[in-house]
Protein chains: 2
Amino acid sequence: MLFSKACIYGIRATFYVSLYQGKREFIPINEISDALGISFHFLTKILQKLTRNSIMISYRGPKGGITLARAPEDISILEIIKAIDGEESLNSCILGLPGCGTERPCPLHDEWGPKRDALYQIFANTTLKNINEKFLIENFRISWKDNGGSTH
Amino acid sequence: MLFSKACIYGIRATFYVSLYQGKREFIPINEISDALGISFHFLTKILQKLTRNSIMISYRGPKGGITLARAPEDISILEIIKAIDGEESLNSCILGLPGCGTERPCPLHDEWGPKRDALYQIFANTTLKNINEKFLIENFRISWKDNGGSTH
DNA sequence: GATATTTAAGACAAATTTGTCTTAAATATG
DNA sequence: CATATTTAAGACAAATTTGTCTTAAATATC
(Lines give C-alpha, C1' and ligand atoms only; values in the text may rest on other atoms or scores of the structure.)
Protein backbone atom coordinates (compact mmCIF):
# COMPACT_ATOMS: atom_id res chain seq x y z
CA MET A 1 0.00 0.00 0.00
CA LEU A 2 1.82 3.03 -1.33
CA PHE A 3 -0.68 5.69 -0.22
CA SER A 4 -2.59 6.08 3.02
CA LYS A 5 -6.37 5.87 2.89
CA ALA A 6 -6.52 9.61 3.56
CA CYS A 7 -4.32 10.21 0.53
CA ILE A 8 -6.42 7.92 -1.66
CA TYR A 9 -9.58 9.73 -0.55
CA GLY A 10 -7.98 13.09 -1.23
CA ILE A 11 -6.88 12.10 -4.72
CA ARG A 12 -10.26 10.63 -5.64
CA ALA A 13 -12.09 13.69 -4.29
CA THR A 14 -9.80 16.02 -6.22
CA PHE A 15 -10.45 14.07 -9.41
CA TYR A 16 -14.17 14.41 -8.78
CA VAL A 17 -13.96 18.17 -8.29
CA SER A 18 -11.67 18.55 -11.27
CA LEU A 19 -14.21 16.92 -13.56
CA TYR A 20 -16.57 19.83 -12.90
CA GLN A 21 -13.97 22.55 -13.26
CA GLY A 22 -15.34 25.38 -15.40
CA LYS A 23 -18.82 23.84 -15.35
CA ARG A 24 -19.91 24.44 -11.77
CA GLU A 25 -18.88 26.70 -8.93
CA PHE A 26 -18.15 25.23 -5.51
CA ILE A 27 -18.87 21.53 -5.07
CA PRO A 28 -20.35 20.63 -1.66
CA ILE A 29 -18.31 18.08 0.25
CA ASN A 30 -21.37 15.99 1.09
CA GLU A 31 -21.97 15.49 -2.61
CA ILE A 32 -18.42 14.21 -2.99
CA SER A 33 -18.57 11.95 0.05
CA ASP A 34 -21.89 10.51 -1.18
CA ALA A 35 -20.66 9.97 -4.72
CA LEU A 36 -17.42 8.33 -3.65
CA GLY A 37 -18.60 6.50 -0.54
CA ILE A 38 -16.30 8.33 1.85
CA SER A 39 -17.13 9.48 5.38
CA PHE A 40 -18.17 13.13 5.18
CA HIS A 41 -16.32 14.37 8.26
CA PHE A 42 -13.20 12.41 7.47
CA LEU A 43 -13.16 13.75 3.94
CA THR A 44 -13.68 17.28 5.23
CA LYS A 45 -10.55 17.02 7.34
CA ILE A 46 -8.55 15.67 4.43
CA LEU A 47 -9.73 18.43 2.11
CA GLN A 48 -8.74 21.03 4.69
CA LYS A 49 -5.17 19.90 4.16
CA LEU A 50 -5.61 20.61 0.47
CA THR A 51 -7.06 24.08 1.09
CA ARG A 52 -4.25 24.88 3.53
CA ASN A 53 -1.81 23.88 0.79
CA SER A 54 -3.51 26.13 -1.77
CA ILE A 55 -4.63 23.23 -3.90
CA MET A 56 -8.32 23.81 -3.17
CA ILE A 57 -10.42 26.81 -2.17
CA SER A 58 -13.37 26.40 0.15
CA TYR A 59 -16.40 28.56 0.64
CA ARG A 60 -18.92 28.37 3.48
CA GLY A 61 -22.67 28.61 3.44
CA PRO A 62 -25.34 27.85 0.87
CA LYS A 63 -23.82 27.41 -2.59
CA GLY A 64 -20.57 26.75 -0.77
CA GLY A 65 -18.20 23.83 -1.11
CA ILE A 66 -14.75 23.39 -2.56
CA THR A 67 -13.15 24.03 -5.91
CA LEU A 68 -9.69 23.91 -7.40
CA ALA A 69 -7.46 26.79 -6.39
CA ARG A 70 -5.80 26.83 -9.82
CA ALA A 71 -6.39 25.58 -13.33
CA PRO A 72 -6.29 21.78 -13.67
CA GLU A 73 -3.15 22.01 -15.79
CA ASP A 74 -1.39 23.74 -12.89
CA ILE A 75 -2.09 21.08 -10.27
CA SER A 76 -0.07 17.88 -10.26
CA ILE A 77 -0.91 14.59 -8.59
CA LEU A 78 2.34 14.91 -6.66
CA GLU A 79 1.11 18.09 -4.97
CA ILE A 80 -1.86 16.22 -3.56
CA ILE A 81 0.30 13.34 -2.37
CA LYS A 82 2.76 15.67 -0.68
CA ALA A 83 0.00 17.66 1.01
CA ILE A 84 -1.54 14.57 2.58
CA ASP A 85 1.12 11.86 2.95
CA GLY A 86 4.09 14.17 3.11
CA GLU A 87 7.24 14.72 1.12
CA GLU A 88 8.93 11.50 2.25
CA SER A 89 6.29 9.12 0.98
CA LEU A 90 7.74 9.15 -2.53
CA ASN A 91 11.42 9.84 -2.08
CA SER A 92 12.65 7.69 0.77
CA CYS A 93 14.27 4.31 1.25
CA ILE A 94 12.02 1.28 0.87
CA LEU A 95 13.57 -0.13 4.06
CA GLY A 96 13.30 3.18 5.90
CA LEU A 97 17.05 3.64 6.28
CA PRO A 98 18.01 7.31 6.57
CA GLY A 99 20.57 8.51 4.08
CA CYS A 100 20.01 5.62 1.71
CA GLY A 101 21.29 6.56 -1.75
CA THR A 102 23.82 5.66 -4.38
CA GLU A 103 26.75 6.24 -2.04
CA ARG A 104 25.29 4.28 0.87
CA PRO A 105 22.58 2.06 -0.57
CA CYS A 106 20.38 -0.45 1.17
CA PRO A 107 20.27 -3.87 -0.51
CA LEU A 108 17.07 -2.98 -2.34
CA HIS A 109 18.07 0.52 -3.42
CA ASP A 110 19.02 -0.57 -6.94
CA GLU A 111 15.60 -2.13 -7.37
CA TRP A 112 13.37 0.44 -5.68
CA GLY A 113 15.25 3.67 -6.29
CA PRO A 114 14.76 3.94 -10.06
CA LYS A 115 11.12 2.85 -9.88
CA ARG A 116 10.44 5.29 -7.05
CA ASP A 117 12.11 8.16 -8.90
CA ALA A 118 10.18 7.32 -12.06
CA LEU A 119 6.92 7.34 -10.12
CA TYR A 120 7.86 10.67 -8.58
CA GLN A 121 8.42 12.16 -12.02
CA ILE A 122 5.22 10.67 -13.38
CA PHE A 123 3.17 12.12 -10.53
CA ALA A 124 5.02 15.42 -10.80
CA ASN A 125 4.26 15.65 -14.51
CA THR A 126 0.71 14.34 -14.47
CA THR A 127 -1.78 17.16 -13.94
CA LEU A 128 -5.48 17.18 -13.29
CA LYS A 129 -5.93 18.30 -16.87
CA ASN A 130 -4.24 15.09 -18.01
CA ILE A 131 -6.63 13.11 -15.83
CA ASN A 132 -9.64 15.02 -17.15
CA GLU A 133 -8.61 14.33 -20.72
CA LYS A 134 -8.28 10.64 -20.03
CA PHE A 135 -11.74 10.58 -18.53
CA LEU A 136 -13.12 11.69 -21.89
CA ILE A 137 -11.71 8.78 -23.83
CA GLU A 138 -11.66 5.95 -21.28
CA ASN A 139 -14.20 4.44 -18.95
CA PHE A 140 -12.41 5.53 -15.82
CA ARG A 141 -13.91 5.33 -12.40
CA ILE A 142 -12.99 6.81 -9.07
CA SER A 143 -15.48 4.88 -6.98
CA TRP A 144 -16.26 1.24 -6.30
CA LYS A 145 -19.75 2.21 -7.44
CA ASP A 146 -20.24 1.74 -11.19
CA ASN A 147 -18.84 4.76 -12.92
CA GLY A 148 -19.11 6.90 -9.78
CA GLY A 149 -18.55 10.51 -10.64
CA SER A 150 -18.02 10.01 -14.33
CA THR A 151 -20.30 11.98 -16.59
CA HIS A 152 -20.66 9.45 -19.34
CA MET B 1 5.47 3.88 2.35
CA LEU B 2 5.17 0.72 0.29
CA PHE B 3 5.90 -1.79 3.06
CA SER B 4 4.70 -1.91 6.65
CA LYS B 5 7.29 -1.59 9.41
CA ALA B 6 6.78 -5.25 10.20
CA CYS B 7 7.61 -6.12 6.60
CA ILE B 8 10.69 -3.92 6.61
CA TYR B 9 11.89 -5.55 9.82
CA GLY B 10 11.25 -9.00 8.38
CA ILE B 11 13.19 -8.26 5.22
CA ARG B 12 16.14 -6.76 7.06
CA ALA B 13 16.24 -9.65 9.53
CA THR B 14 16.12 -12.17 6.71
CA PHE B 15 19.02 -10.42 4.98
CA TYR B 16 20.97 -10.59 8.22
CA VAL B 17 20.36 -14.31 8.62
CA SER B 18 21.08 -14.96 4.97
CA LEU B 19 24.53 -13.42 5.29
CA TYR B 20 25.49 -16.20 7.69
CA GLN B 21 23.97 -19.03 5.67
CA GLY B 22 26.40 -21.92 5.50
CA LYS B 23 28.70 -20.29 8.05
CA ARG B 24 26.72 -20.60 11.26
CA GLU B 25 23.83 -22.70 12.51
CA PHE B 26 20.82 -21.03 14.09
CA ILE B 27 21.07 -17.29 14.67
CA PRO B 28 19.49 -16.14 17.96
CA ILE B 29 16.78 -13.53 17.49
CA ASN B 30 18.20 -11.27 20.19
CA GLU B 31 21.42 -11.02 18.20
CA ILE B 32 19.42 -9.87 15.19
CA SER B 33 17.29 -7.41 17.14
CA ASP B 34 20.42 -5.96 18.74
CA ALA B 35 22.30 -5.68 15.46
CA LEU B 36 19.41 -4.10 13.60
CA GLY B 37 17.90 -2.03 16.42
CA ILE B 38 14.53 -3.77 16.36
CA SER B 39 12.39 -4.66 19.36
CA PHE B 40 13.11 -8.28 20.27
CA HIS B 41 9.54 -9.37 20.98
CA PHE B 42 8.14 -7.58 17.97
CA LEU B 43 10.74 -9.15 15.72
CA THR B 44 10.02 -12.56 17.20
CA LYS B 45 6.38 -12.28 16.20
CA ILE B 46 7.29 -11.18 12.69
CA LEU B 47 9.74 -14.03 12.27
CA GLN B 48 7.07 -16.49 13.38
CA LYS B 49 5.16 -15.53 10.26
CA LEU B 50 8.21 -16.47 8.23
CA THR B 51 8.60 -19.82 9.98
CA ARG B 52 4.90 -20.56 9.49
CA ASN B 53 5.38 -19.84 5.79
CA SER B 54 8.37 -22.18 5.56
CA ILE B 55 10.79 -19.38 4.82
CA MET B 56 12.66 -19.79 8.09
CA ILE B 57 13.19 -22.63 10.54
CA SER B 58 13.39 -21.99 14.26
CA TYR B 59 14.96 -24.00 17.02
CA ARG B 60 14.49 -23.54 20.75
CA GLY B 61 16.95 -23.66 23.60
CA PRO B 62 20.66 -22.97 23.89
CA LYS B 63 22.27 -22.82 20.42
CA GLY B 64 18.79 -22.15 19.12
CA GLY B 65 17.56 -19.35 16.91
CA ILE B 66 16.42 -19.12 13.33
CA THR B 67 17.88 -20.04 9.97
CA LEU B 68 16.72 -20.13 6.39
CA ALA B 69 14.42 -23.02 5.55
CA ARG B 70 15.91 -23.31 2.07
CA ALA B 71 18.98 -22.28 0.13
CA PRO B 72 19.27 -18.52 -0.43
CA GLU B 73 18.77 -18.97 -4.16
CA ASP B 74 15.40 -20.60 -3.47
CA ILE B 75 13.97 -17.74 -1.41
CA SER B 76 12.72 -14.61 -3.17
CA ILE B 77 12.10 -11.19 -1.65
CA LEU B 78 8.51 -11.48 -2.80
CA GLU B 79 7.96 -14.50 -0.56
CA ILE B 80 8.90 -12.46 2.48
CA ILE B 81 6.66 -9.58 1.44
CA LYS B 82 3.70 -11.87 0.84
CA ALA B 83 4.20 -13.66 4.16
CA ILE B 84 4.11 -10.43 6.15
CA ASP B 85 2.16 -7.79 4.20
CA GLY B 86 0.02 -10.18 2.21
CA GLU B 87 -0.56 -10.95 -1.41
CA GLU B 88 -2.46 -7.72 -2.17
CA SER B 89 0.32 -5.35 -1.17
CA LEU B 90 2.01 -5.64 -4.55
CA ASN B 91 -0.76 -6.42 -6.99
CA SER B 92 -3.67 -4.12 -6.19
CA CYS B 93 -4.99 -0.75 -7.32
CA ILE B 94 -3.14 2.32 -6.07
CA LEU B 95 -6.51 3.89 -5.24
CA GLY B 96 -7.81 0.71 -3.62
CA LEU B 97 -10.58 0.17 -6.17
CA PRO B 98 -11.54 -3.50 -6.49
CA GLY B 99 -11.37 -4.93 -9.97
CA CYS B 100 -9.13 -2.18 -11.28
CA GLY B 101 -7.41 -3.38 -14.44
CA THR B 102 -7.04 -2.74 -18.12
CA GLU B 103 -10.75 -3.24 -18.76
CA ARG B 104 -11.95 -1.07 -15.88
CA PRO B 105 -9.01 1.14 -14.94
CA CYS B 106 -8.80 3.81 -12.30
CA PRO B 107 -7.35 7.12 -13.52
CA LEU B 108 -3.90 6.19 -12.25
CA HIS B 109 -3.85 2.63 -13.50
CA ASP B 110 -1.80 3.45 -16.58
CA GLU B 111 0.82 5.09 -14.38
CA TRP B 112 0.94 2.69 -11.44
CA GLY B 113 0.06 -0.62 -13.06
CA PRO B 114 3.24 -1.14 -15.12
CA LYS B 115 5.51 0.07 -12.33
CA ARG B 116 3.75 -2.15 -9.81
CA ASP B 117 3.97 -5.19 -12.08
CA ALA B 118 7.64 -4.50 -12.76
CA LEU B 119 8.30 -4.29 -9.03
CA TYR B 120 6.44 -7.54 -8.51
CA GLN B 121 8.61 -9.26 -11.09
CA ILE B 122 11.77 -7.77 -9.66
CA PHE B 123 10.95 -8.98 -6.16
CA ALA B 124 9.84 -12.35 -7.50
CA ASN B 125 13.13 -12.80 -9.34
CA THR B 126 15.47 -11.37 -6.72
CA THR B 127 16.63 -14.07 -4.32
CA LEU B 128 18.57 -13.93 -1.09
CA LYS B 129 21.54 -15.26 -3.03
CA ASN B 130 21.37 -12.18 -5.27
CA ILE B 131 21.36 -9.99 -2.17
CA ASN B 132 24.27 -11.90 -0.63
CA GLU B 133 26.31 -11.48 -3.80
CA LYS B 134 25.67 -7.77 -3.84
CA PHE B 135 26.83 -7.51 -0.25
CA LEU B 136 30.25 -8.80 -1.33
CA ILE B 137 30.85 -6.04 -3.85
CA GLU B 138 28.99 -3.08 -2.41
CA ASN B 139 28.95 -1.35 0.94
CA PHE B 140 25.39 -2.31 1.71
CA ARG B 141 23.81 -1.82 5.07
CA ILE B 142 20.63 -3.10 6.63
CA SER B 143 20.75 -0.95 9.76
CA TRP B 144 20.86 2.74 10.58
CA LYS B 145 23.98 1.79 12.48
CA ASP B 146 27.12 2.02 10.40
CA ASN B 147 27.43 -1.15 8.41
CA GLY B 148 25.16 -3.08 10.78
CA GLY B 149 25.30 -6.75 10.05
CA SER B 150 27.79 -6.51 7.20
CA THR B 151 30.92 -8.55 7.57
CA HIS B 152 33.29 -6.15 5.91
C1' DG C 1 17.53 -33.95 37.03
C1' DA C 2 18.50 -28.90 37.64
C1' DT C 3 19.52 -24.85 35.27
C1' DA C 4 20.16 -21.61 31.77
C1' DT C 5 18.95 -20.38 27.13
C1' DT C 6 15.96 -19.62 23.52
C1' DT C 7 11.53 -19.58 20.73
C1' DA C 8 6.13 -19.70 21.08
C1' DA C 9 2.11 -17.65 22.38
C1' DG C 10 -0.90 -14.56 24.00
C1' DA C 11 -2.29 -10.73 26.95
C1' DC C 12 -1.65 -6.09 27.21
C1' DA C 13 -0.29 -1.18 26.16
C1' DA C 14 1.07 2.68 23.19
C1' DA C 15 0.92 4.97 18.94
C1' DT C 16 -1.07 5.91 14.70
C1' DT C 17 -4.65 5.94 11.44
C1' DT C 18 -9.30 6.07 10.47
C1' DG C 19 -13.83 7.46 11.45
C1' DT C 20 -17.74 10.00 14.22
C1' DC C 21 -19.92 13.67 16.53
C1' DT C 22 -20.76 18.29 18.25
C1' DT C 23 -20.31 23.15 18.15
C1' DA C 24 -18.89 27.33 15.92
C1' DA C 25 -18.37 30.41 12.02
C1' DA C 26 -19.58 32.10 7.51
C1' DT C 27 -22.92 33.08 4.07
C1' DA C 28 -27.04 32.91 0.92
C1' DT C 29 -31.91 33.51 0.92
C1' DG C 30 -36.34 34.93 2.28
C1' DC D 1 -33.02 39.69 10.99
C1' DA D 2 -34.16 34.69 11.04
C1' DT D 3 -33.16 30.48 8.98
C1' DA D 4 -31.03 27.01 6.43
C1' DT D 5 -26.77 25.50 4.39
C1' DT D 6 -22.12 24.58 4.39
C1' DT D 7 -17.10 24.46 5.92
C1' DA D 8 -13.83 24.76 10.23
C1' DA D 9 -12.23 22.93 14.23
C1' DG D 10 -11.61 20.06 17.76
C1' DA D 11 -13.05 16.44 20.98
C1' DC D 12 -13.79 11.80 20.98
C1' DA D 13 -14.06 6.79 19.58
C1' DA D 14 -12.84 2.72 16.87
C1' DA D 15 -9.61 0.15 14.36
C1' DT D 16 -5.11 -1.03 13.13
C1' DT D 17 -0.30 -1.17 13.70
C1' DT D 18 3.48 -1.23 16.57
C1' DG D 19 5.68 -2.38 20.72
C1' DT D 20 6.08 -4.59 25.65
C1' DC D 21 5.64 -8.03 29.07
C1' DT D 22 4.79 -12.49 31.12
C1' DT D 23 4.41 -17.36 31.04
C1' DA D 24 5.03 -21.72 28.78
C1' DA D 25 7.58 -25.07 26.06
C1' DA D 26 11.73 -27.00 24.13
C1' DT D 27 16.50 -28.09 24.51
C1' DA D 28 21.60 -27.98 25.53
C1' DT D 29 24.73 -28.37 29.24
C1' DC D 30 26.38 -29.40 33.60
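We name chains A, B, ... by the order of the sequence lines, and we start the count at 1 in each one.
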Is a salt bridge present between [X] and [Y], judged by a nitrogen-to-oxygen distance below 4.0 Å?
X         : Y         : answer
Glu79(A)  : Arg70(A)  : yes
Glu31(B)  : Arg24(B)  : yes
Lys134(B) : Glu111(A) : yes
Lys129(B) : Asp74(B)  : no

Presence of [X] side-chain N/O under 4.0 Å of [N] phosphate oxygens OP1/OP2:
X        : N       : result
Lys45(B) : dG10(C) : no
Tyr9(A)  : dT18(C) : no
Ser58(B) : dA8(C)  : yes
Ser39(A) : dT20(C) : yes
Arg52(A) : dT7(D)  : no

Can you tell me the Watson-Crick or wobble partner of [N], both distances under 3.5 angstrom?
N       : value
dT23(D) : dA8(C)
dA13(C) : dT18(D)
dC30(D) : dG1(C)

Subject >> Proximity to the side chain of Gln48(B) - top-ranked nucleotide from dA24(C), dC21(C), dA9(C) >> reply: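 Between dA24(C), dC21(C), dA9(C), the one nearest the side chain of Gln48(B) would be dA9(C).
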
Once you round it to whole Å, what is the distance between [atom2] of [N] and [atom1] of [X]?
X        : N       : atom1 : atom2 : value
Asp34(B) : dT5(C)  : CG    : C1'   : 15 Å
Leu47(A) : dT18(C) : CG    : P     : 15 Å
Ile8(B)  : dT18(D) : CD1   : C1'   : 12 Å
His41(B) : dT6(C)  : NE2   : P     : 14 Å
Ile46(A) : dT20(C) : CD1   : P     : 11 Å
Lys63(A) : dT7(D)  : NZ    : P     : 15 Å
Met56(A) : dA8(D)  : CE    : C1'   : 16 Å
Phe42(B) : dC12(C) : CZ    : C1'   : 15 Å

Original post:
With a non-hydrogen cut-off below 4.0 angstrom, is Ile29(A) in contact with a base, only sugar-phosphate, or nothing?
Top reply: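 Contact class for Ile29(A): sugar-phosphate only.
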
**OP:** Looking at every strand, decide which applies to Phe40(B) at a 4.0 Å heavy-atom threshold: base, sugar-phosphate, or nothing.
**Re:**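 Touches a base.
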
**OP:** Look at the side chain of Arg60(B) against the base of dT6(C) and say whether a donor-acceptor pair falls under 3.5 Å; ignore hydrogens and angles.
**Re:**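 Counting by modelled atom types and ignoring angles, no donor-acceptor contact under 3.5 Å is found here.
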
Original post:
Starting at the 5' end of DNA chain C and moving along, which residue's nearest nucleotide shows up first, Lys5(A) or Tyr59(B)?
Top reply: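 Taking each residue's closest nucleotide, the earlier one in sequence belongs to Tyr59(B).
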
**OP:** For Pro72(B) and Thr127(B), work out which heavy atoms get closest and say how close.
**Re:**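 Of all heavy-atom pairs spanning Pro72(B) and Thr127(B), the closest is O-CB, 3.5 Å.
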
Original post:
What closest approach, in Å, do Ala13(A) and Leu47(A) show between heavy atoms, and which atom pair accounts for it?
Top reply: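 Smallest interatomic distance, heavy atoms only, reads CB-CD2, 4.1 Å.
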
